[in-house]
Amino acid sequence: MPDKHQVIFYPVGNGDTTQIVLSGGRRVLFDFCHRNKAEDSSTPEIDLKATLKADLKKANRDDFDVVAFTHADLDHIQGSTEFFELQHAKKYQGEGRIKIRELWVPAAMLLETADNDHQMEEFVLLRQEARYRLLEGKDILVFSKPQALTDWLEPRLKERGESASARDHLFIDAGQIVPGFSLGADKVEFFCHSPFIKHCDEGDIIRNEASLVFNVRFRADGAYYDYLEVGDATWESIEDIVKTTRYHKNEDRLAWDLYNIPHHCSYLALSDEKGEKETEPKPLIKDLLLMGKQDAYIVSCSKPIPDTKDSYDQTQPPHIQARKTYERYLKQVGGRKFLVTMEEPNANKPEPIMFEITSGGVSWIRSASIGAPAVILSSPPRAG
């Protein structure tokens, strides 16, 4: 059977949920944003819980191989503690909950304090779950090991009669390939771009700067394609990534066939100045945009981004100025299309945006509904 991977983006409003389904059947979910109002079929946002459960049932599964939370903002974790089984307490187990075989979290998620009632319960439960799995020494990977986390962990390991280094194998630093997946066995590898230790060790934790960023490299029958999964990283963090990646001569990890742009098409992922008609990207951000390959796609996990007179004055993302920047650079590298999760096929009833990755390239395919036949909406990449 030829290799065929899928990357699926779900229309959850200004929020993120993306699933990777590998050719061999393993599943990796990035973030989870279920809005209760989406259970009413009249709303444009997808009923994420029902959609994912139906998808898993079709595959005869009740689990994900990996669930990765890029950071703890509510629009990346909402509804997760009702949907997933949590190992740290029996009250969050059973009753049709979906299991997480391996949890991936940034170090910040174990260290942060909840700063408002709105996100308190959801975040605190996930923090408890991550801490529990880390202390148990299984079913988790933590990205970055700042001193603050070492200071929290070591006395607890000592109480358990274990050495200070007993959990070292569960920490992954920026610049490393994540264990557990390989281009040989799974036809994929995850290269960690961020977070850096400084994101938690230099003063207050700013979760957008400390979020997970990956280069996901797919292999399909000998051909290779790259997906950038970027959480809500700011332009400063992205420039750090570009600078560091080049310094270590890993520049190929910046190239992209598919780019999940940060923070719902916020101009702050490009620059500190929004611009009147278009955002002018910072120099290293511009370099990253020019690393797009021919026939590449950009996806904005966001509300619709109309080009109207009023949209130019919008404070909160998405920003039309940022969209115009991404579209300009996508055209410059010979890319195919800029897609918005809440616009496809229309803004009234958007559907998941699905890509298939085969030896022929990255193809945009509409997943019309669970169980319905897929329709290829773009031809494979042009020859040469």
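What you are looking at is a predicted structure, and each value in this text was computed from that prediction instead of being measured.
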Using a distance-only test with no angle check, is there a side-chain donor-acceptor pair under 3.5 angstrom linking [X] and [Y]?
| X | Y | value |
| --- | --- | --- |
| Thr234 | Glu236 | yes |
| Gln314 | Tyr312 | no |
| Asp31 | Thr17 | no |
| Asp310 | Thr308 | no |
| His34 | Glu45 | no |
| Asp55 | Gln19 | yes |
| His71 | Asp232 | yes |
| Thr279 | Gln321 | no |

Compare all side-chain heavy atoms of [X] with those of [Y] and state whether any distance is below 4.5 angstrom.
| X | Y | value |
| --- | --- | --- |
| Pro345 | Glu351 | yes |
| Pro281 | Tyr329 | yes |
| Leu134 | Leu170 | yes |
| Lys324 | Ile305 | no |
| Ser302 | Ile261 | no |

Report, as yes or no, whether the 6.0 Å neighbourhood of atom [atom1] on [X] holds more than 12 heavy atoms from other residues, nucleotides or ligands.
| X | atom1 | result |
| --- | --- | --- |
| Lys282 | NZ | yes |
| Lys4 | NZ | no |
| Lys53 | NZ | yes |
| Glu273 | CD | no |
| Lys158 | NZ | no |

**OP:** Considering non-hydrogen atoms only, spot the tightest contact between Ala107 and Leu149 and give its length.
**Re:**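 Closest heavy-atom pair between Ala107 and Leu149: CB-CD2, 3.9 Å.
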Original post:
Should the pair Glu162-Arg160 be classified as a salt bridge under the 4.0 Å nitrogen-to-oxygen rule?
Top reply: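 Arg160 and Glu162: salt-bridged.
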Linking I/L/V/M/F/W/Y whenever their side-chain heavy atoms sit closer than 4.5 Å, directly or via other members, would [X] and [Y] fall into one cluster?
| X | Y | value |
| --- | --- | --- |
| Ile140 | Ile100 | yes |
| Leu86 | Leu141 | no |
| Leu289 | Ile241 | yes |
| Leu111 | Phe69 | yes |
| Met354 | Leu29 | yes |

So, taking the atom named [atom1] in [X] and the one named [atom2] in [Y], what distance separates them when rounded to the nearest 0.5 Å?
| X | Y | atom1 | atom2 | value |
| --- | --- | --- | --- | --- |
| Gln176 | Ser144 | CD | OG | 10.5 Å |
| Ile46 | Met342 | CD1 | CE | 9.5 Å |
| Lys331 | Arg336 | NZ | CZ | 15.0 Å |
| Glu239 | Ser271 | CD | OG | 9.0 Å |

Short side-chain to backbone donor-acceptor contact, [X] and [Y], under 3.5 Å:
| X | Y | result |
| --- | --- | --- |
| His264 | Pro317 | no |
| Asp47 | Ala50 | yes |
| His193 | Glu229 | no |

Subject >> Chi angles and distances behind the salt bridge (charged side-chain N to carboxylate O under 4.0 Å, His left out) call for Lys145, Asp168 >> reply: CA-CA 9 Å; Lys145 192 182 183 185; Asp168 284 359; 2.7 Å; yes
Original post:
Can you say whether the rings of Trp364 and Tyr297 are parallel (under 30°), tilted (30 to 60°) or perpendicular (over 60°)?
Top reply: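 Answer is perpendicular, since the angle exceeds 60°.
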Original post:
Any idea how Tyr326 and Tyr259 line up, ring-wise: parallel (<30°), tilted (30 to 60°), or perpendicular (>60°)?
Top reply: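 It falls in the perpendicular class, over 60°.
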How about [X] and [Y]: are their ring centroids closer than 6.0 Å?
| X | Y | result |
| --- | --- | --- |
| Tyr267 | Trp235 | no |
| Tyr224 | Phe218 | no |
| Phe30 | Tyr227 | no |

**OP:** Could you go through the side-chain contact (heavy atoms from CB on, under 4.5 Å) check for Arg246 and Leu284 one step at a time?
**Re:** CA-CA 11 Å; Arg246 283 176 168 172; Leu284 295 182; 3.5 Å; yes
**OP:** Go through Glu122 and Thr81 one step at a time and tell me if the side chain to side chain donor-acceptor pair (under 3.5 Å) criterion holds.
**Re:** CA-CA 6 Å; Glu122 197 100 55; Thr81 57; 2.7 Å; yes
